[in-house]
Novice: 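Structure provided below as C-alpha cells; questions to follow.
Residue numbering restarts at 1 for every chain, and letters A, B, ... go by the order of the sequence lines.
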There are 2 protein chains.
Amino acid sequence: MAATIKDIAKLAGVSTATVSRVLAHKTAFFSAATAQKVQAAAATLGYQKNTAAAELVTRQSHVIAAVVNSTKTNFASQIIEGIQAEAHRHDLNVIILYAGDADAEQQRRALMTVIERPVMGILLLSVDLAAENLTLLQQSQLPYCFLSISFDGERLPYITSDDWQVGYLATQALLDQGHRRIGLAGVDSDFHTGRLRVLGYTQALKNAGITAAPDWIQLGNYSYAAGQTAMRAYGAKTSLTAVVGASDMAAIGVMNQARDLGLAVPTDLSIIAIDGTELCSLVQPSLTSVSQNFYEMGIAGVQQLRAKEALPQKITPIQLVNRQSVRRLNGDRK
Amino acid sequence: MAATIKDIAKLAGVSTATVSRVLAHKTAFFSAATAQKVQAAAATLGYQKNTAAAELVTRQSHVIAAVVNSTKTNFASQIIEGIQAEAHRHDLNVIILYAGDADAEQQRRALMTVIERPVMGILLLSVDLAAENLTLLQQSQLPYCFLSISFDGERLPYITSDDWQVGYLATQALLDQGHRRIGLAGVDSDFHTGRLRVLGYTQALKNAGITAAPDWIQLGNYSYAAGQTAMRAYGAKTSLTAVVGASDMAAIGVMNQARDLGLAVPTDLSIIAIDGTELCSLVQPSLTSVSQNFYEMGIAGVQQLRAKEALPQKITPIQLVNRQSVRRLNGDRK
DNA sequence: CTGTTAGCGCATTCAC
DNA sequence: GTGAATGCGCTAACAG
C-alpha cells in the first residue's frame, strides 16, 4: 500500500494540511523546522504523490494529450518532440495516444481515455476524426487543436503548413529545373489538405502555361503503396519527366516503382517529395523535398492550448531542400 | 462545468448510487425503468465520466503505460501495435510516453507522469534506464516489464529476442552464402544486448573456423551515423565481403556509405540488417534481415503485466528474411 | 431493487 | 505557522 500524506503526517507529528503545504512548496506557510520533518518522513516512507487525487480537488491538470494516427508516414515524432519541448518549458507533461489509421473505433478509444480523465488539452496530429468522434471531442469541453491537417467548411482550430503553397512550391521547383510534364502522386482529394495541394500544383503549372492532363494526378492516401500504384499507372513509357510525391513515403513508392519499371532517378525521372523527414536522406538517391516544419507545429500547438482564447488557424513555414532526386532538364526554355 | 452523477441523480430523481450502478452496467442491481431515466438524464446533460475519480476509490486502473525512447530506430511502432491489440482485447487502454534518447531527465519526467497517477503497469520499450530512474520505477511498486532489451546481472523482467541467436543467425546466413570475411557494424558493447550479439557473431565465425580480426567489429549505438562511421572505418578497399548491420538504421548507414565509397551492394559488399522493420523494404536494394517479432513482444508485455506473478524473462522468435542485399559468393567451399 | 453512509488522497478554506 | 473540517466525483458496503 502506497504511503499517503496521512501516513507522513502521523510520522512527522503534524497535520495533513501542513504536509500538503510543504510538499506543494507553498513557501511562507510553514517553518523550516516542520519542513525538515515532513521531508524526512516522506523520504523514509517512499512517498509518491497521487496526482490524480490532487487534480480531482484542484480541478486542473498539467498534462497534454497528443493523439496520433499510426499512419504509414512518420513525421509524428518530429511534432511530438516539438510538443515535448514546449510543454516541458511550461512544466506540462505529455501523454501520447495511438488512434489507429482511420479506424473510428480506435479513435474513440483513444479519445475516451483522455476525455475521461483530467487533461488540460488535446492535440490531434494529422488525425482525420470520424464525425461521431469529433462530436465526442467537442462536447468534452476540453481545449483542442489539430496539427498537420486543415479543414475547409468547419471552423476547427488547426495548425499546419500552407498546403496550397506546398503544392505550388514543389511544382515550381520542378518547373525551375526545366520540367514541363509533371505528375502528382498519392495525393488525397477527399480532404482539404489534399485538395489544396492539388490546387497549388495546378496553379503553378497554369502560371507556366501548362495544363495538367487528367492522368498526371494520381490520387491516393499518401502511402508507399499509393506512390507505387501511381507510378504503375504512369507506366514505363510515361511522358512525364518529373513527379511530385504527395508525401515522403509516396515519393519513395514512386521512386522504387520507377526503378522496377526500368526508369533511373533522376536521369529518366525527377522526383520531389513533400514532408522532408529523415527518410529523404536515407534513400538513394536522396530525395529533394518541400519540407514542413513539424517541430514548429508541435510548439505552436502547445501554445495554442495554453492560450485562453482560441487563436485562428495558424500556418507554419515550409522550405525547399535540394537533394539528389531532381535533375535539371536540358533544352528547357525558361 | 461538466455534469456529475450528482446532477444526473437529481435530474432523474434517484440517488447517486443508483446512477453509478446503471452507468457501470451493474445489471440486476436496478430496474429497466430507472435505467431508462438515468440514461436519458445522462444523455441530456452530456455526462462524461470522471474515471480518475472512480479509480481513486476502486484503487485500480485500466491503463497501461508504454515508455519509449525516441531512438533513431523505429521498431517501437510495431511493439506498440502489439501492445494495443492485446490491451484492447482485455479492455485496457494504453498511453505512451516519450523518454528522450538516453536523457535521464526526460526519462524521469516520463516515469513520474505515470507513477504519479494510477496505471496498472509500465512497459519500457528499449529504454535503458538511468540507475536513479530504475530506483524510481522499482519503489513505485507498479508492475513493469522491459521490452526489446535485456539485462545481465540484475534480475529485471524483460521480453526480447535471443540476441545471441540474432548475432549467430545473421552471421550464419552470410556464411551460408559463402562469405568468410564478415564485419559487424554499429553494435553496442556497453549493454547486454550488444554483447550477446557480438558473442553470437563470434561463435558463428568460430564454428566456421574463422577468427574475426579486431577491426571487423565496429562499435556504435545502432544509429545510421554509427553504420556510416563503421563503413568509413572499413574503407573502400576493405577485405570484407559482407557486413552485419547491428540494426536496420545501421545497415542503411553502412550501405549508403559503401555506395559513397564506390562499393556496390551486394555486388562488392553484402549486407544483412538486424531488426527487419519496413525500412528494409524501402531502401534499394532492399535489405535482407534477421527480423525480430516486435508485435509479439508487445503482446507478451501486456500478458506479463496482467499475470499475477512475474514471469521469468521471455524470448520471442526471430527469423531470416531474404531480400536483395546479400549475394552468394562464387568459389565458396561450403 | 434502491437510498444512506462512508471514504479514496489530496488541497483548501477558516479558525486559532 | 498550524490544525480541523470540508469536499472534489465516484464506488462500495450496509441497510432496508
Side-chain angles (χ1 to χ4, degrees), chain A residues 1-39 41-42 45-63 112 115-120 140-142, chain B residues 1-39 41-42 45-63 112 115-120 140-142:
Chain A
M1 199 77 283
T4 73
I5 56 169
K6 203 180 292 183
D7 300 319
I8 114 158
K10 186 157 47 180
L11 202 159
V14 296
S15 74
T16 60
T18 301
V19 173
S20 174
R21 289 180 186 120
V22 343
L23 260 30
H25 300 102
K26 292 242 179 297
T27 4
F29 276 98
F30 54 83
S31 67
T34 50
Q36 292 297 335
K37 287 190 300 187
V38 171
Q39 301 284 15
L45 289 177
Y47 172 76
Q48 286 296 350
K49 172 170 174 168
N50 183 333
T51 300
E55 290 176 339
L56 182 56
V57 28
T58 60
R59 291 120 156 299
Q60 59 167 292
S61 166
H62 285 181
V63 355
M112 287 313 273
I115 288 177
E116 283 188 352
R117 61 202 81 220
V119 299
M120 69 149 285
S140 79
Q141 309 272 47
L142 291 167
Chain B
M1 199 78 284
T4 72
I5 55 168
K6 203 180 291 182
D7 300 319
I8 115 157
K10 186 156 49 178
L11 202 160
V14 296
S15 73
T16 59
T18 301
V19 173
S20 174
R21 289 181 187 120
V22 343
L23 260 30
H25 300 101
K26 292 240 179 298
T27 6
F29 276 99
F30 54 82
S31 68
T34 49
Q36 292 296 336
K37 289 191 297 186
V38 171
Q39 301 284 15
L45 291 177
Y47 172 76
Q48 286 294 351
K49 173 169 174 168
N50 183 334
T51 301
E55 289 176 340
L56 182 58
V57 25
T58 60
R59 292 121 155 297
Q60 58 168 289
S61 166
H62 284 181
V63 352
M112 287 313 275
I115 289 178
E116 283 188 351
R117 60 201 81 220
V119 299
M120 69 149 284
S140 79
Q141 309 272 45
L142 291 167

Novice: Distance check needed: D:dC14 P versus B:Lys26 NZ, whole Å only.
Specialist: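 Atom NZ in B:Lys26 sits about 16 Å away from atom P in D:dC14.
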Novice: side-chain contact (heavy atoms from CB on, under 4.5 Å) for B:Phe29 and B:Val22? Distances and angles first, verdict last.
Specialist: CA-CA 8 Å; B:Phe29 276 99; B:Val22 343; over 6 Å; no
Novice: In Å, rounded to the nearest 0.5 Å, how long is the span from NE2 of B:His62 to CD of A:Glu116?
Specialist: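 Nearest 0.5 Å value for the NE2-CD distance: 11.5 Å.
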Novice: Nearest nucleotide by nearest heavy atom, which residue falls closer to the 5' end of DNA chain C, B:Ala28 or B:Thr58?
Specialist: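 Going by which nucleotide is closer to the 5' end, it is B:Ala28.
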Novice: Let's see if you can work this out: which of C:dT12, D:dC8, D:dA12 has an atom nearest to the side-chain heavy atoms of A:Leu56?
Specialist: D:dC8
Novice: A:Ile5 has an atom CD1; how far is it from atom P of C:dT12, in whole Å?
Specialist: 11 Å
Novice: Looking only at side-chain atoms of B:Thr18, point me to the closest of D:dG3, D:dC10, C:dG3.
Specialist: C:dG3
Novice: Other residues, nucleotides and ligands only: do more than 12 of their heavy atoms fall within 6.0 Å of NZ on B:Lys37?
Specialist: yes
Novice: Does any N or O donor sit under 3.5 Å from an N or O acceptor when you compare the side chain of A:Arg59 with the base of D:dG7?
Specialist: no
Novice: Does a side-chain N or O of B:Lys6 approach OP1 or OP2 of D:dC8 to a distance below 4.0 Å, or not?
Specialist: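 For D:dC8, OP1 or OP2 has a side-chain N or O of B:Lys6 closer than 4.0 Å.
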Novice: I want to verify a distance call: between C:dT2, D:dT2, C:dG9, whose nearest atom is closest to the B:Phe30 side chain?
Specialist: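 Closest of the options to the side chain of B:Phe30: C:dT2.
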Novice: For B:Ala53 and A:Leu56, which heavy atoms make the closest approach, and how far apart are they?
Specialist: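 Closest approach of B:Ala53 to A:Leu56, heavy atoms only: CB-CD1, 3.9 Å.
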Novice: Quick check: does any side chain N or O of B:Thr18 sit under 3.5 Å from a backbone N or O of B:Val14, one acting as donor and the other as acceptor?
Specialist: no
Novice: Side chain of A:Val14, heavy atoms from C-beta onward: which of C:dT4, D:dG3, D:dC10 has the nearest atom to it?
Specialist: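 It is D:dG3.
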Novice: Quickly work out the B:His62 NE2 to D:dT11 C1' distance and round it to whole Å.
Specialist: 13 Å
Novice: What is the minimum heavy-atom distance between A:Thr16 and A:Lys6, and which atoms define it?
Specialist: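 Closest approach of A:Thr16 to A:Lys6: CG2-CA, 3.8 Å.
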Novice: Of the nucleotides D:dC8, C:dA11, C:dC8, which has the atom closest to the A:Ser20 side chain?
Specialist: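 So the side chain of A:Ser20 is nearest to C:dA11.
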Novice: Across the strands shown, which category fits A:Ala54 at heavy-atom distances under 4.0 angstrom: base, sugar-phosphate, nothing?
Specialist: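 Sugar-phosphate, no base atom in range.
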Novice: A:Lys37 NZ to D:dG3 C1': how many Å, rounded?
Specialist: 13 Å
Novice: When you check the phosphate oxygens OP1 and OP2 of D:dG3, does a side-chain N or O of A:Ser15 lie under 4.0 Å from one of them?
Specialist: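 Yes, within the criterion.
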Novice: Measuring from A:His25:NE2 to A:Phe30:CZ, what's the distance to the nearest 0.5 Å?
Specialist: 7.0 Å
Novice: Tell me: CZ of B:Phe29 to P of C:dG3, nearest whole Å?
Specialist: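 Rounded to the whole Å, the gap is 15 Å.
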Novice: Taking only Lys NZ, Arg NE, NH1 and NH2, and the carboxylate oxygens of Asp or Glu, determine whether B:Glu55 and A:Arg117 approach each other closer than 4.0 Å.
Specialist: yes
Novice: Just how large is the angle between the end axes of the helix from C:dC1-D:dG16 to C:dC16-D:dG1, five pairs per end, to 10 degrees?
Specialist: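 End axes: 40° apart.
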Novice: Closest-nucleotide mapping onto DNA chain D: is A:Thr16 or A:Ala35 further toward the 5' terminus? I mean the 5' end.
Specialist: A:Ala35
Novice: What is the distance from CD of A:Glu55 to C1' of C:dC10, rounded to the nearest Å?
Specialist: 11 Å
Novice: Holding to side-chain contact (heavy atoms from CB on, under 4.5 Å), I want the full list of residues that pass it with A:Ser20, two or more places apart in sequence or in another chain.
Specialist: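 With neighbours one apart ignored, the set is empty.
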Novice: Output yes when at least one side-chain N/O atom of A:Thr34 is less than 4.0 Å from OP1 or OP2 of D:dT2, else no.
Specialist: yes
Novice: Using the side-chain heavy atoms of B:Val57, tell me which of these nucleotides is nearest: C:dC8, C:dG9, C:dT13.
Specialist: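 Within the option list, the nearest is C:dC8.
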Novice: Which nucleotide sits closest to the side chain of B:Ser31: C:dT2, D:dA4, C:dG3?
Specialist: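 The answer is C:dT2.
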Novice: Are A:Lys49 and C:dA11 close enough that a side-chain N or O sits under 4.0 Å from OP1 or OP2?
Specialist: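 Yes.
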Novice: Report the distance from atom CD of A:Gln60 to atom C1' of C:dA11, rounded to the nearest whole Å.
Specialist: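 So the two atoms are 11 Å apart, to the nearest Å.
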Novice: Roughly, in whole Å, what's the span from CD1 in B:Ile8 to P in C:dT2?
Specialist: 13 Å
Novice: If you find the nucleotide of DNA chain C closest to A:Ala53 and the one closest to B:Ala32, which residue's nucleotide is nearer the 5' end?
Specialist: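 Its nearest nucleotide lies further toward 5', so the answer is B:Ala32.
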